[in-house]
Amino acid sequence: MDMKQKLQELHEEAVRKIQASEGLERLNEVRVAYLGKKGELTALLKGMKDVSAEERPVVGQLVNETRNKIEGILEETKKKLEAAALEAQLQEEVIDVTLPAKKAQIGHRHPNTIALEELERIFIGMGYEVVEGPEVEYADYNFTKLNIPEGHPARDEQDTFFINSSILLRSQTSPVQARTMEKGKLPIRMIAPGRVFRSDEVDATHSPSFHQVEGLVIDKKITLADLKGTLEEFARELFGPETKTKFRPHHFPFTEPSAEMDVSCFKCGGVGCRFCKGSGWIEILGCGMVHPHVLEMCGIDPKRYTGFAFGIGLERIALLKYEIDDMRLLYENDVRFLKQF
Ligand code: DAH
């Protein structure tokens with residue numbers, strides 16, 4: 001077979017294979033098989049040495065033409081295959097912009113948080129600062145500096161989570177009073193919200209972990225009238241301007257005198273209902289004038305300074321404000337419950 005014929009056949013075979021290629025990868029394999037270094041056309045060229053000198057330029061030109069034709073059809077086929085691949089990809093990735101979007105789920109503030117922010121707003125409005133203290137506390141701050149000496153029944157292990165004999169999970173936010181007074185910056189007007197811990201059984205009104213908001217004011221000439229005025233104002237802000245308050249004598253080791261404050265039932269206006277258990281009053285906080293001995297232990301001269309303190313149970317406020325009848329609901333974190341507030 002002469003060279004011309006071989007080239008003709010090679011060309012036809014290449015074109016057939018190119019057209020039969022089903023993807024870009026296969027096409028490349030065909031290209032390499034014919035035009036590559038070890039390809040068929042290159043192999044043919046090696047046979048040129050057998051061609052006579054006068055025929056060589058003609059055959060050489062023929063080889064080039066064949067190569068060009070194969071390259072041409074390769075290029076053309078490559079473009080077609082690329083276009084088809086792009087089309088297939090576009091088909092697959094089609095986005096329906098008319099589909100409804102996924103709704104972003106926005107969280108809800110916990111009723112405790114809402115109540116706390118309300119309390120903070122009221123006290124900040126009266127010039128108070130918001131401070132924090134540690135949840136793991138020294139017995140010294142939780143008890144001793146608050147006039148609860150060693151051996152006092154309030155330290156009972158039944159009520160308190162001790163870590164060792166001198167460190168515990170604070171059972172109240174009152175230790176923040178001692179910490180603030182010890183800093184020595186007077187006057188003081190602060191509230192200290194936070195988590196407290198007691199070894200209590202869980203029921204509708206008890207939990208081993210709950211929250212309090214402590215309050216402390218220390219300045220010259222602070223009297224019981226300041227305490228009453230402040231807390232009455234607070235109650236009216238929180239529960240409405242018609243709210244009445246009542247102070248009942250009580251005992252706390254770190255205040256003298258001490259009291260508990262009740263507010264007139266905001267549900268029935270004081271007549272008596274299921275909400276206030278028929279009494280017309282609802283207890284909301286403990287308070288009192290800071291005991292002179294506490295002032296002394298915290299480095300403040302009780303002859304020059306006096307003050308008052310109070311402690312509010314945050315959950316109690318949240319339960320009252322949102323008429324929730326079981327404290328456990330506040331800790332279950334059921335979104336269906338939380339999103340009502
Ligand atoms: N710490 C008290 C408790 O846990 C609450 C309390 C009462 C705080 C009177 C005070 C206060 O600051 O003056 O029962």
Side-chain angles (χ1 to χ4, degrees), residues 116 119 123 126 128-135 137-149 152-156 158-161 168-182 188-200 205-219 222-232 234-235 245-263 283-295 297-298 300 302 305-317 327:
L116 176 58
L119 257 65
F123 282 105
M126 294 196 267
Y128 286 58
E129 209 183 332
V130 180
V131 305
E132 280 186 347
E135 289 174 7
E137 184 57 283
Y138 291 107
D140 215 27
Y141 284 102
N142 196 81
F143 295 129
T144 317
K145 288 174 202 273
L146 297 172
N147 240 1
I148 306 170
H152 193 286
R155 292 192 178 217
D156 201 317
Q158 281 173 352
D159 298 318
T160 309
F161 292 110
L168 44 79
L169 298 183
R170 66 177 175 190
S171 63
Q172 47 185 356
T173 44
S174 305
V176 189
Q177 289 189 30
R179 287 181 172 274
T180 309
M181 287 189 271
E182 272 190 358
I188 295 167
R189 229 186 274 139
M190 68 84 167
I191 55 168
R195 184 186 282 262
V196 301
F197 306 85
R198 286 183 200 177
S199 176
D200 278 337
T205 52
H206 291 88
S207 160
S209 162
F210 57 102
H211 298 77
Q212 292 185 329
V213 180
E214 195 74 17
L216 177 69
V217 172
I218 306 279
D219 203 347
I222 296 290
T223 70
L224 191 67
D226 296 305
L227 177 155
K228 287 187 75 177
T230 302
L231 295 178
E232 277 165 8
F234 159 70
T245 50
K246 177 169 87 172
F247 290 80
R248 277 181 293 101
H250 200 80
H251 170 76
F252 296 106
F254 37 89
T255 45
E256 179 58 35
S258 305
E260 279 185 333
M261 184 176 91
D262 297 346
V263 293
E283 176 204 321
I284 65 158
L285 57 82
C287 58
M289 300 305 291
V290 180
H291 198 293
H293 189 223
V294 171
L295 289 174
M297 281 190 285
C298 297
I300 295 173
Y305 285 94
T306 51
F308 66 83
F310 52 91
I312 307 167
L314 186 62
E315 277 79 357
R316 197 170 163 72
I317 301 290
M327 190 167 170

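Just follow the structure's listing: the first ligand is 1, and inside any ligand the first atom is 1. Here the structure is a predicted model, which is why all the values come from computation and not from measurement.
- Taking a 6.0 Å sphere around CZ of R179, one finds it holds more than 12 heavy atoms contributed by other residues, nucleotides or ligands.
- Interface of S174 with ligand 1, defined as ligand atoms under 4.0 Å from a residue heavy atom, comprises 1 (N), 8 (C).
- Nearest non-hydrogen protein atom to atom 13 (O) of ligand 1 is A309 O, 3.1 Å.
- Annotation: F123 is in aromatic contact with F310 [ring centroid separation under 6.0 Å].
- Nearest to atom 2 (C) of ligand 1 among the protein's heavy atoms is Q172 OE1, 3.7 Å.
- Atom 5 (C) of ligand 1 has its closest protein heavy atom at G311 CA, 4.1 Å.
- Under the 3.5 Å distance criterion, the side-chain polar atoms of S209 are left unmatched by any main-chain donor or acceptor of F197.
- Taking every non-hydrogen atom of G288 and a distance limit under 4.0 Å, the qualifying atoms of ligand 1 come out as 13 (O).
- Applying the 4.0 Å criterion to heavy atoms of C287 picks out, from ligand 1, the atoms 9 (C), 11 (C), 13 (O).
- Regarding atom 12 (O) of ligand 1, its nearest protein heavy-atom neighbour is E214 OE2, 2.6 Å.
- At least one N or O atom of F310 sits closer than 3.5 Å to an N or O atom of ligand 1.
- More than 12 heavy atoms of other residues, nucleotides or ligands shown are found within 6.0 angstrom of CD on E182.
- Residue R198 touches ligand 1 through its side chain alone, judged by heavy-atom distances below 4.0 Å.
- A salt bridge does not link E214 to R170: none of the charged side-chain nitrogens sits closer than 4.0 Å to a carboxylate oxygen.
- What sits closest to atom 11 (C) of ligand 1 on the protein, heavy atoms only, is F254 CE1, 3.5 Å.
- Residue Q212 has at least one heavy-atom neighbour below 4.0 Å for each of these atoms of ligand 1: 3 (C), 4 (O).
- With a 6.0 Å radius and a threshold of 12 heavy atoms from other residues, nucleotides or ligands, F161 has its CZ atom above the threshold.
- Residue contacts with ligand 1 for F308 are absent, since no atom lies close enough (heavy atoms, distance under 4.0 Å).
- For ligand 1, the atoms lying closer than 4.0 Å to a non-hydrogen atom of T255 are 13 (O).
- Note: H293 and H291 have perpendicular aromatic rings, judged against thresholds of 30 and 60 degrees for the angle between ring planes.
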